[in-house]
Amino acid sequence: MPELPEVETIRRDLEVKIVGHRIKDLKILSVKTVALAPAVFYKNLIGQRISKVLRRAKLLIIRLEPSNKYLLVHLKMTGQLIYKVKNKLIVGGHSSGNYRSGGRNVDADDSKNLNDLPNKHTRVIFTFTNSSQLFFNDLRKFGYLKLVTELELEGIVRNSYGIEPLTKEFSLINFSQALKGKKTNIKAALLNQKNIAGLGNIYVDESLFAARINPKRRADSLKPGELKVLWLAITKIIKRAVEYRGTTFNNYVDSAGRQGNFFKLLKIYGRGGEKCPRCHNPIKKIKLAGRGTHYCPVCQL
DNA sequence: CCTTGTGTTCTCCG
DNA sequence: CCGGAGAACACAAG
């Protein structure tokens, strides 16, 4: 599940690897994946040069020149962006899998999958003029590629997303303001991209655990002290997750085809039934805000 | 049946 | 009846 840290890891890799490259060819293997008629998509992309790779929440934003349009890439649950120079792999992405039940080992499978691209989940292939290629893979076809103008991008960025962790605007005051008056539970409030941008199921559970706050609490019931602890927890966890190049709970791979390392630091996510690392009571797994939710009912109040 | 990010639709309440 | 908030559903495929 790519959330902010995973998408940011991909963004940083792509920034180094594809900025300056010109698109020579394009193959659309899944029409549904591209939010535009294939012929129009070809016409708009071929000949364009990548000038920037940006991110807002979980959305990747690729600037094209000279058209000055933007290619938006959303990975949703199982999307991957994999960059390949001839036979060597450079940039990774995400897909679904199950390393935990399989014994915490995805290296072998990933390497195998990445080495024979395109595979059956490849939906779009970009070929650059230097012959390198970018593959968009997506097992479940939830992800999409979209082309927008600068004006449309501004609208999306402004209207769809709240404050962005890792930026200066993510202050305690703005964080508190974003949750103020929210009558829903804190888990749903944090998952809502219009409040806080980029958090998903894993990092919300981890942050609430670190802050010792029960995910069922009403957002507007949090006291100033609790808001501060939660804000600090989110800041710390997201920063560290980026340093660790994201979480491979399933099949995330980085630029060298390696998994993200933050899974080693997960305290609560995916640990239903195990002992709480803080108080040693059983970790509960419930359904909340329509999502699997892991928490310790004893030490998260 | 389960998994999840997000867009859409439904429902509730004042 | 309207607007907004929040909840529920839809989507896909393994």
Side-chain angles (χ1 to χ4, degrees), chain A residues 1-8 10 29-35 55-61 72-81 93-102 106 109 113 119-124 136-146 148 152 155-162 164-165 177-207 215-221 238 246-252 260 263 266 268-273 285-294:
Chain A
M1 294 81 70
E3 304 179 27
L4 189 159
E6 291 75 34
V7 178
E8 177 62 15
I10 293 168
L29 305 172
S30 163
V31 171
K32 179 186 179 303
T33 298
V34 179
R55 178 190 59 76
R56 181 78 166 103
K58 304 165 192 171
L59 186 67
L60 272 166
I61 303 166
L72 306 184
V73 181
H74 205 301
L75 303 173
K76 289 289 181 89
M77 311 219 357
T78 59
Q80 303 179 314
L81 276 174
H94 272 80
S95 78
S96 179
N98 204 337
Y99 85 87
R100 236 173 227 226
S101 65
V106 291
D109 284 340
N113 292 339
N119 62 32
K120 63 179 173 175
H121 301 306
T122 300
R123 310 304 180 192
V124 179
F136 180 78
N137 292 348
D138 187 16
L139 184 146
R140 294 188 191 174
K141 294 193 188 179
F142 269 29
Y144 62 79
L145 306 184
K146 194 173 173 179
V148 298
E152 289 169 326
I156 291 166
V157 162
R158 190 176 48 248
N159 299 326
S160 310
Y161 302 114
E164 187 77 41
Q177 186 65 33
L179 297 178
K180 195 177 173 184
K182 295 289 183 287
K183 298 183 195 308
T184 186
N185 59 68
I186 185 65
K187 166 120 186 184
L190 293 177
L191 284 173
N192 187 337
Q193 302 298 295
K194 293 190 178 183
N195 298 332
I196 316 296
L199 300 183
N201 209 28
I202 294 176
Y203 296 110
V204 166
D205 279 7
E206 290 297 315
S207 299
K216 292 186 281 193
R217 285 276 300 283
R218 242 175 75 150
D220 65 0
S221 76
I238 293 297
T247 298
T248 297
F249 190 77
N250 297 323
N251 279 354
Y252 169 77
F263 75 90
L266 294 179
I268 199 96
Y269 185 86
R271 296 191 184 278
K285 185 180 179 190
I286 62 168
K287 194 95 158 181
L288 188 63
R291 298 291 170 249
T293 299
H294 315 75

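Residue Q193(A) places no side-chain N or O under 4.0 Å from the OP1 or OP2 atom of dG5(B). Between T78(A) and dA13(C) there is no side-chain polar atom (N or O) within less than 4.0 angstrom of OP1 or OP2. In terms of phosphate contacts, H74(A) brings no side-chain nitrogen or oxygen within less than 4.0 Å of OP1 or OP2 of dG5(B). Taking side-chain N and O atoms only, K285(A) has a distance below 4.0 Å to OP1 or OP2 of dT3(B).
A donor-acceptor pair is defined here as one N or O able to donate and one able to accept, closer than 3.5 Å; such a pair exists between the side chain of E164(A) and the backbone of A57(A). Judged purely by atom type and a 3.5 angstrom limit, H294(A) has no side-chain atom pairing as donor or acceptor with the backbone of G272(A).
Among the heavy atoms of the strands lying under 4.0 Å from G292(A) are primed sugar atoms or P, OP1, OP2 only; no base atom is included. Within the 4.0 angstrom heavy-atom criterion, no nucleotide atom of any strand lies near K120(A). Using a 4.0 Å heavy-atom criterion, one finds that K194(A) contacts no nucleic acid atom at all.
Rounding to whole angstrom units, NZ of residue K187(A) and C1' of dG5(B) are separated by 12 Å. Rounded to a whole Å, the CD1 atom of I196(A) is 14 Å from the P atom of dT6(B). Taking atom CG of N185(A) as the reference point, atom P of dA7(C) lies 6 Å away to the nearest angstrom. D138(A) places its CG atom 9 Å from the P atom of dA13(C), with the value rounded to the nearest Å. The distance between atom OH of Y161(A) and atom C1' of dG7(B), rounded to the nearest whole Å, is 11 Å. Taking atom NZ of K76(A) as the reference point, atom C1' of dG14(C) lies 18 Å away to the nearest angstrom. Here the C1' atom of nucleotide dT6(B) and the CG atom of L145(A) are 16 Å apart, to the nearest Å. Atom CG in L139(A) sits about 19 Å away from atom P in dC2(B), given to the nearest Å.
Between K182(A) and H121(A), the residue whose closest nucleotide on DNA chain C is further toward the 5' end is K182(A). Between A188(A) and R291(A), the residue whose closest nucleotide on DNA chain C is further toward the 5' end is A188(A).
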task: Test Q80(A) against I10(A) for side chain to side chain contact (heavy atoms under 4.5 Å, CB included), laying out the working first.
output: CA-CA 9 Å; Q80(A) 303 179 314; I10(A) 293 168; over 6 Å; no
message: Let's go through Y269(A) and T247(A) carefully: what are the C-alpha distance in whole Å and the side-chain angles of both, what is the deciding distance for side chain to side chain contact (heavy atoms under 4.5 Å, CB included) to 0.1 Å, and is it a yes or a no?
response: CA-CA 11 Å; Y269(A) 185 86; T247(A) 298; over 6 Å; no
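Side-chain atoms of K287(A) lie closest to dT3(B) of the nucleotides dA12(C), dA7(C), dT3(B). Nearest nucleotide to the side chain of K183(A), out of dG5(B), dA13(C), dG6(C): dG6(C).
For N201(A) and K187(A), the side-chain atoms include at least one donor-acceptor pair closer than 3.5 Å.
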